[in-house]
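Chain A is the first sequence line, chain B the second, and so forth, proteins listed ahead of strands; every chain is numbered from 1. Quick caveat: nothing in here was measured; it's all calculated off a predicted structure.
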Amino acid sequence: MGKKVLESWWAIFLLGITLYVILIWSDLQSGQFLTKGNLLMMAILIGGGFQLYTWRNDDRAKKDERGRLIIQQSSVLSYRILTIALFVLWVIDRRMYHPDNELGNTFLFIALCLSLVLSPLLQLVTARRYL
Amino acid sequence: MNNRIRELRKAKKLSQEDLADMCNVSRQTINAIENNKYDPSLLLAFSLAKVLKVTVDELFISGMESD
């Protein structure tokens with residue numbers, strides 16, 4: 001089954017990229033490249049490409065114990081990277097746009113605080129399940 | 001942890017894909033275990049031992065034993 005299914009997913013992915021290039025091209029003609037829709041779609045396509053390349057659309061590989069371990073390890077690492085990125089973005093945003101505001105961008109600051117609390121909190125909840 | 005999975009699998013004329021199907025894991029997982037890049041869970045270790053018709057301690061060689 002695997003190869004045909006994989007080929008069909010690559011075909012869908014390539015179709016998505018083609019549509020995206022057409023969309024970008026038409027937006028470039030009207031002088032609007034950096035729209036939130038374009039950037040979001042680019043992020044989705046890049047993420048989808050990495051997923052497809054890693055798992056080859058093999059559901060068993062993704063869901064067996066080694067697959068779950070890979071997802072778990074990469075989730076922890078990406079959470080840490082995201083927390084650092086939030087901090088850096090908050091500092092840059094505060095210096096550039098809110099130099100007089102103690103909190104800087106409030107929502108970005110709340111997201112940063114949440115990221116610092118969420119993981120230890122969930123560790124506590126998870127640890128209690130093993131007591 | 002070193003193991004004898006490749007040796008025992010070949011003795012039974014099974015491919016990695018066959019063994020993976022019998023243990024309900026992916027071929028890549030069997031390959032990673034055989035190359036000592038991944039240590040299986042206890043559940044999978046028992047499943048491998050059952051399929052290869054050996055005991056778990058015959059299947060795996062701990063670091064202490066290999067020293």
What distance separates [X] [atom1] from [Y] [atom2], expressed to the nearest 0.5 Å?
X     : Y     : atom1 : atom2 : value
B:I30 : A:D64 : CD1   : CG    : 8.5 Å
A:K63 : B:N24 : NZ    : CG    : 12.0 Å
B:Q28 : A:D58 : CD    : CG    : 5.5 Å

* To do: Side-chain contact test, heavy atoms from C-beta onward, threshold under 4.5 Å: evaluate it for A:R60 versus B:D21 and give yes or no.
  =>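 A side-chain contact under 4.5 Å exists here.
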Heavy-atom neighbours of [X] [atom1] exceed 12 at 6.0 Å:
X      : atom1 : value
A:E102 : CD    : no
A:F13  : CZ    : yes
B:L43  : CG    : no

* B:S41 backbone acceptor or donor facing A:E65 side chain under 3.5 Å ->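 Looks like yes, one N/O pair under 3.5 Å.
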I'd like a table of donor-acceptor pairs (distance under 3.5 Å, sequence neighbours excluded) in which one partner is a side-chain atom from residues 105-116 of chain A, with atom names and distances.
residue: A:N105; atom: OD1; partner: A:F107; partner atom: N; Å: 3.2
residue: A:N105; atom: OD1; partner: A:L108; partner atom: N; Å: 3.3
residue: A:S115; atom: OG; partner: A:L112; partner atom: O; Å: 2.7

* Considering all heavy atoms, the nearest B:S26-A:A61 contact ->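 Minimum heavy-atom separation between B:S26 and A:A61: CB-CA, 3.5 Å.
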* Asked: Other than A:L118, which residues form its hydrophobic cluster under the rule that side-chain heavy atoms must be closer than 4.5 Å?
  ->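 Direct or chained contacts put A:L118 with A:Y79, A:L122.
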